[in-house]
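Inspection log for the structure reproduced underneath, given as structure tokens.
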Number of protein chains: 2
Amino acid sequence: MNPQPSSTVTIRDVALAAGVHVSTVSRALNPDKRSLISAEVLKVVEEAARKLGYRPNRAASALRTGRTHTIGVLVPDITNPVFPPILQGIEASAAARGYFVFVTNVVDHALARPIVERMLAQRVDGLVLAIATRDDPLVDYIGKAGLQAVLVNRADETGRLPAVVSDDRLAMKLAVDHLVSLGHRRIAHLAGPQNVPTGVGRRQGVEQALRDRGLELASVEECEGYSREAGRAAMQRLLDVYERPQAVVCCNDLVALGAYDVLRERGIRVPQDISITGHNDMPLVDMVNPPLTTIRLPHRELGWRAAEMLFDGIEGRAPSAFTVVLRPELVVRESTRDVAGEL
Amino acid sequence: MNPQPSSTVTIRDVALAAGVHVSTVSRALNPDKRSLISAEVLKVVEEAARKLGYRPNRAASALRTGRTHTIGVLVPDITNPVFPPILQGIEASAAARGYFVFVTNVVDHALARPIVERMLAQRVDGLVLAIATRDDPLVDYIGKAGLQAVLVNRADETGRLPAVVSDDRLAMKLAVDHLVSLGHRRIAHLAGPQNVPTGVGRRQGVEQALRDRGLELASVEECEGYSREAGRAAMQRLLDVYERPQAVVCCNDLVALGAYDVLRERGIRVPQDISITGHNDMPLVDMVNPPLTTIRLPHRELGWRAAEMLFDGIEGRAPSAFTVVLRPELVVRESTRDVAGEL
DNA sequence: GTGAAAGCGCTAACAG
DNA sequence: CTGTTAGCGCTTTCAC
């Protein structure tokens, strides 16, 4: 009575058991074509399929239809806490549509191309890229291969691929406006790598927001990466080279924590002596000392929207937008302090 | 000259271009059968394949051979920071062997079965499960379906499936021994859910380690989950019901942070008034206030080893072990304090 | 060492 | 509404 372990139950077996032709079974089991089948036959087929524990072979269907119901996702480092929620959003969208998600960790950017080639061999229906650097030849390659793809968390400036991003400039404006409203004037920036779009966008955001308030950037240092270690190094340079700023807008939380490290070593107190802001609101930054004022991104929604756009493309629907820009929000904690009353 | 975008380059096209039969191409491009082909023909075929940008269609090969070169991974919550490094280990092993990894987030345990069924339909070659609860019918189902599978981070007590785990008892012994050596005697435990193996194992580990030192558990509360919120609730109960302990061994870091929350609210200082230990050494617990003394697990290796075992099984090699137990290590920070000199 | 031929399980014209 | 037929691209006996 129990459904069999499937192993080798094919559409043929079901057809035999139901006393109909295989194509009838195929139609009966395909939601889109079910309507072509009489209610009577439908029942018999479904019953037979159920009894035998039939499970359509996706590999066979993929060969025939060219659609595998799989997508690939490339992330630079899955242990970076911004990516899990993005993946979760992607996977939730995929699961809801009956797709599976190949997740790959692109440790070294040179490996991205071979990974995409392997995905092509696997005949994925589309790709979500969380890794494109500025002006990436990979984007060209994907375009030429005629593959559906969406970028997430990084836009393609040349507009070849649709993208879902958070508004980096707005994010930095929120941070700067917050600091200015607290009375800060000498504001520095620990910038992200200037060869990735987010690094550039956030830096421009800081500069523009400052300009809007009639101020200019006190000083800036570029980090080699979005890591605590890079933040530490950059903060050291910032303090060694320039006059100490009243506040530092960091390109992300990890960098801000690296800045914390340096400040603690040098006996500079946050926020009494200097205010710090981050970006991402990664888990536990509300638990560090002091709790970090930062920018919260809708990471899960970023992933979800990217996946939805991808599926729209795959299923031939016109995408509703080419670039989707989501709104970040400011989360005020204790790493920023009001200095308006002081001279 | 540039390799074509593949789209429709098949083995036939290569055969035609090389002036040989398709089966020759198939052999030439299969590392295991390459030796059957003359060096001369080999060169011609490889050249043709390269020139055309040929990319073997895995869906076709899967249909023919029954092997898809894909595995599935089920995790309960990818945003829980223990899982990304495990996934990273799995993915690294898979990539090295030319496999892809389907990652799924099993939000609700009732969804696990349908997900496994869809994976079966997708004809994955094997499964890594990070989700089994004690005595899970899913394990039976997988066994019956004849699917290769390995558990990670959770053992199957009935021994039906191979597993890679960290030594939970040893972990707790490390924590307890550390606290005892600091002079603590009244030691409590915030236990994990007793319907998952790790919850039970860690609790037993605490009790045994205490017994080994001639002590007994001062008090214990069970958390509803491995979350900060659950830790908060359990810590509240612990303080409300029992005499305040000198130290609390927590079943994991999130729970320990929940305990921090309660202690802070009640003005009980860590570590001056009470020592706290965690488990997992998740990112940033070295940055919280105070930095958490905890147990570090080899998460990445857990994933790697699980994947390696799975591939051994898939490729017909006898697995080198049925259960692999990895060693955790103690990381001492500032949430535990020496009280030996005090009365 | 290479070619011929069959078929993995499924879907999609095309008939009827 | 259902059956017939062909074939997706690849691998693998079986011949020669």
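Residue numbering restarts at 1 for every chain, and letters A, B, ... go by the order of the sequence lines.
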Within less than 4.0 Å of OP1 or OP2 of D/dT2, is there a side-chain N or O belonging to A/Ser23?
-> no

In whole angstrom, what separates B/Asp13's CG from D/dG9's P?
-> 9 Å

Nearest to the side chain of B/Ser61 - C/dC10, D/dT2, D/dC10?
-> D/dC10

Does B/Arg27 make a side-chain donor-acceptor contact with the base of C/dG3, cut-off 3.5 Å?
-> yes

B/Ile11 has an atom CD1; how far is it from atom P of D/dG7, in whole Å?
-> 18 Å

Which residue, A/Arg64 or B/Ala60, contacts DNA chain C at a nucleotide closer to its 5' end, judged by nearest heavy atom?
-> B/Ala60

Please answer whether the main-chain N or O of B/Leu111 pairs with a side-chain N or O of B/Asp108 as donor and acceptor at a distance below 3.5 Å.
-> no

Tell me whether the OP1 or OP2 atom of C/dA4 has a side-chain N or O from B/His21 closer than 4.0 Å.
-> yes

Checking B/Val128, B/Ile90, B/Val73, B/Asp125 against B/Leu310 for side-chain contact (heavy atoms from CB on, under 4.5 Å), the one that qualifies is B/Val128

Of B/Leu36 and A/Asn57, the one whose closest DNA chain C nucleotide lies more 5' | B/Leu36

Nucleotide nearest A/Leu63 when distance is taken to its side chain, options C/dC10, D/dG9, C/dA4 = D/dG9

Rounded to whole angstroms, how far apart are CZ on B/Arg123 and P on D/dC10?
-> 20 Å

Would you kindly give the CG-to-P distance between B/Leu29 and D/dT11, to the nearest whole Å?
-> 9 Å

side-chain N/O A/Ser26 vs C/dC10 OP1/OP2, d < 4.0 Å = no

Whole-Å distance between C/dG3 C1' and B/Leu16 CG?
-> 14 Å

May I ask you to say whether B/Glu46 pairs ionically with B/Arg34, meaning some side-chain N is under 4.0 Å from a carboxylate O?
-> yes

Quick one: are A/Phe100 and B/Met119 in side-chain contact, heavy atoms under 4.5 Å?
-> yes

Compare the minimum distances between each of C/dT2, C/dC10, D/dT11 and the side chain of B/Thr24, then state the nucleotide with the smallest one.
-> C/dT2

Any A/Thr65 side-chain nitrogen or oxygen under 4.0 Å from OP1 or OP2 of C/dT11 | no

Could you tell me the separation between the NE2 atom of A/His69 and the C1' atom of C/dT11, rounded to a whole number of Å?
-> 12 Å

Rounded to whole Å, the CG-C1' distance (B/Asn30 to C/dG1) equals 16 Å

Just by modelled atom types, is the B/Ala110 backbone N or O under 3.5 Å from a matching donor or acceptor in the B/Arg113 side chain?
-> no

Between C1' of C/dG3 and CZ of B/Arg12, the distance in whole Å | 14 Å

OP1 or OP2 of D/dT12 under 4.0 Å from side-chain N/O of B/Lys33 = yes

